[in-house]
There are 2 protein chains.
Amino acid sequence: MAIRNADAERVRNTSFFRDADDETFNTAINGAFLQRFPANTTLLMEGDTVDFLYILLEGSVELGAGWKSKDTTLAILRPVSTFILAAVVLESDALMSAVTLERSEILMVPGDSLRRGMKENAAFGFAVSEELAGCYRGLVRSIKNHKLRDSTERLANYLLTQRARQGGKDEIVLPHEKRVLAALLGMTPENLSRAFSKLSDKGVSVDGARVGFSNVTVLERLARPSPLIDNHYAQDRNTLGKAYTERQQGVLDQG
Amino acid sequence: MAIRNADAERVRNTSFFRDADDETFNTAINGAFLQRFPANTTLLMEGDTVDFLYILLEGSVELGAGWKSKDTTLAILRPVSTFILAAVVLESDALMSAVTLERSEILMVPGDSLRRGMKENAAFGFAVSEELAGCYRGLVRSIKNHKLRDSTERLANYLLTQRARQGGKDEIVLPHEKRVLAALLGMTPENLSRAFSKLSDKGVSVDGARVGFSNVTVLERLARPSPLIDNHYAQDRNTLGKAYTERQQGVLDQG
DNA sequence: CGCGCCATTGAAACCCATCAAGCGCGGTGG
DNA sequence: CCACCGCGCTTGATGGGTTTCAATGGCGCG
């Protein structure tokens, strides 16, 4: 096998391979290999033929798309996430481009192997369906987030989600540069600055990558987080028995 | 079986059941029943527990979502389309509400049966994965459409897509009321009117539901349709051998 | 006939992007 | 050590796209 056992085990324990038996797992990752990429490397461009399923093990990756000289960020991924699974299942072209934001380690699984595993083992195929369904629902959440909330509301909810994921303390550290965060939230860096200053009324203070909260109640009154849009609860679910209920790769990974 | 044979055959021939063997098909739709709904009936609200996969056989259905007294339309479905498949696979709550726009016939398939069929037959499970992947890609296209194009460009591309689907003639008939169309395209009815008048420069004339084209070339120069966003080619693909390459239920069904 | 709903048009307000300039900080090189 | 530069972040001014509010006209239907 072309990948180290440690990597294989890591993938297996943190992705939809979790419940596969050994035989199916080996079928599905047959020919897979681990690759390291520097920052700002284009892994895939829109329209490219997709031969591999990508599994991000280390680093971070931005999924984006362009049209007529405009570009937009669709998602930012952190480990462990799969991407372009849908294109692999359909043997189709990529609808998004993928670029590393940092030095990254990515496991590349041949599409043929994955599809063969799905067709030979119904339980594994079902696990892939669950992953796809989770991705789908992540996108639905993202669309709702963008169409129903303005930029300040999106930022407020993002901050509350981060706070929950970082332990609920009154200070968090932003996991991305502000300009990357702005792209993720669907706005310009300028407007992210302005959104932060609008939130100073609500007890939000910013110092570099550190963000402090002095009045979460009033911030929540503005943000009105909703389990039908935000994913505060994903972590809880993952720590419970159930495997991948919506560990979405999707937009607003907010990782 | 609680549904007529004619209905069963129709579902079977036009959805992801197409390639299933008889035994799997019967397992997957066990307990299914056909139901008729009048217009403007709420089938499902956001947050509801999802017990059934819905398959729209006749009529049309709007998928939408709300937050803080705002509402948005995410998709408009026409026959034959499945919906809330992702929630069924994950045994999860609905992220969107579903409302009939006209009198509709809907086949309701128990989620248990569908999941059992997927787990018992890998080929069927793979077909469901293909359907989910197509839905996912439909959403990706929709997000790109909304984030990369302004409202006039979205309308122009919608019209070109309709024209292609209606046979490429120089007159089409809009399949929805204009206010429904506006919601589908992510704008207000007022702006749809203004967008139409901006397109009169490009040879687009409107008379009620009939839209005429006198200069498709210049309209295409504005619209710049792209196979990575629009779905002009879905029909061609469907008439070719391949089963469901992206017959998306998704947003911008544009049916 | 008249009521209601849809579509259209205009005016004002809002959100956001763009353009432009300035600030702060870290790294480099003199 | 310090001047300089680059880059990310911020702040202000301007403009464009879109929503909202309001008013009007058209059409179907009771």
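Here is the naming used below: chain letters follow the sequence lines, and residue numbers restart at 1 for every chain. These numbers come from a predicted model, not from an experiment.
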Distances for protein N or O near nucleotides 21-26 of chain C N or O, under 3.5 Å:
none

Query raised in the report: Who are the salt bridge (Lys or Arg N to Asp or Glu O under 4.0 Å) partners of Lys169(A), not counting sequence neighbours?
Result: none
Query raised in the report: Touch check for Gly186(A), heavy atoms < 4.0 angstrom, all strands: base, sugar-phosphate only, or nothing?
Result: sugar-phosphate
**Report entry** Listed once per pair and sorted, the salt bridge (charged side-chain N to carboxylate O under 4.0 Å, His left out) pairs that draw on residues 97-107 of chain A, sequence neighbours left out
**Finding:** Arg36(A)-Glu105(A), Arg78(A)-Glu102(A)
Report summary line: Sequence neighbours excluded, the answer for salt bridge (Lys or Arg N to Asp or Glu O under 4.0 Å) partners of Arg194(A) is none
Report task. Could you pull out all residues at least two apart from Asp71(B) that satisfy side-chain hydrogen bond (donor to acceptor under 3.5 Å, both in side chains)? Result -> none
Report task. Please identify each residue that fulfils ring pair (Phe, Tyr, Trp, His ring centres under 6.0 Å) with Phe52(A), with sequence neighbours left out. Result -> Phe33(A)
Query raised in the report: Is the distance from OP1 or OP2 of dT18(D) to the nearest side-chain N or O of Ser151(B) less than 4.0 Å?
Result: yes
**Report entry** Rounded distance in Å - NE2 (His146(A)) to P (dC15(C))
**Finding:** 18 Å
Report task. For each nucleotide in nucleotides 20-30 of chain D, reading 5' to 3', give B when a protein heavy atom comes within less than 4.0 Å of its base, S when such contact involves only the sugar-phosphate, and - otherwise. Result -> BB---------
Query raised in the report: Would you say dT8(C) has OP1 or OP2 under 4.0 Å from some side-chain N or O of Lys178(B)?
Result: yes
Report task. Find the bend of the helix from dC1(C)-dG30(D) to dG30(C)-dC1(D) as the angle between its two terminal axes (five pairs each), to the nearest 10°. Result -> 20°
Requested in this report: Quick one: which residue pairs count as a salt bridge (charged side-chain N to carboxylate O under 4.0 Å, His left out) with a foot in residues 42-51 of chain B, not counting sequence neighbours?
Outcome: Lys144(A)-Glu46(B)
Report task. Grab the CZ-P distance between Arg179(A) and dT10(D) for me, whole Å please. Result -> 13 Å
**Report entry** Between Tyr136(A) and Tyr136(B), ring centroids under 6.0 Å
**Finding:** no
Query - Heavy-atom closest contact (Ile229(A) atom, Arg149(A) atom, distance) - result: CG2-NH2, 3.4 Å
Query raised in the report: Rounding to a whole Å, what distance do you find between Leu148(B):CG and dG17(D):P?
Result: 16 Å
Report task. Using ring pair (Phe, Tyr, Trp, His ring centres under 6.0 Å) as the criterion, list what pairs up with Phe37(A), not counting sequence neighbours. Result -> none
**Report entry** Distance, rounded to the nearest Å, where Leu174(A) contributes CG and dG8(D) contributes C1'
**Finding:** 14 Å
**Report entry** Residue list, ring pair (Phe, Tyr, Trp, His ring centres under 6.0 Å) with Phe213(A), at least two apart or on another chain
**Finding:** none
Query raised in the report: Whole-Å distance between dC9(D) P and His176(A) NE2?
Result: 13 Å
Report summary line: Residues pairing under side chain to side chain donor-acceptor pair (under 3.5 Å) where one sits in residues 203-212 of chain A, two or more places apart or in two chains, turn out to be Glu171(A)-Arg210(A), Asp207(A)-Arg210(A)
Query - Protein-nucleotide distance (Leu192(A), atom CG; dC15(C), atom P), rounded to Å - result: 17 Å
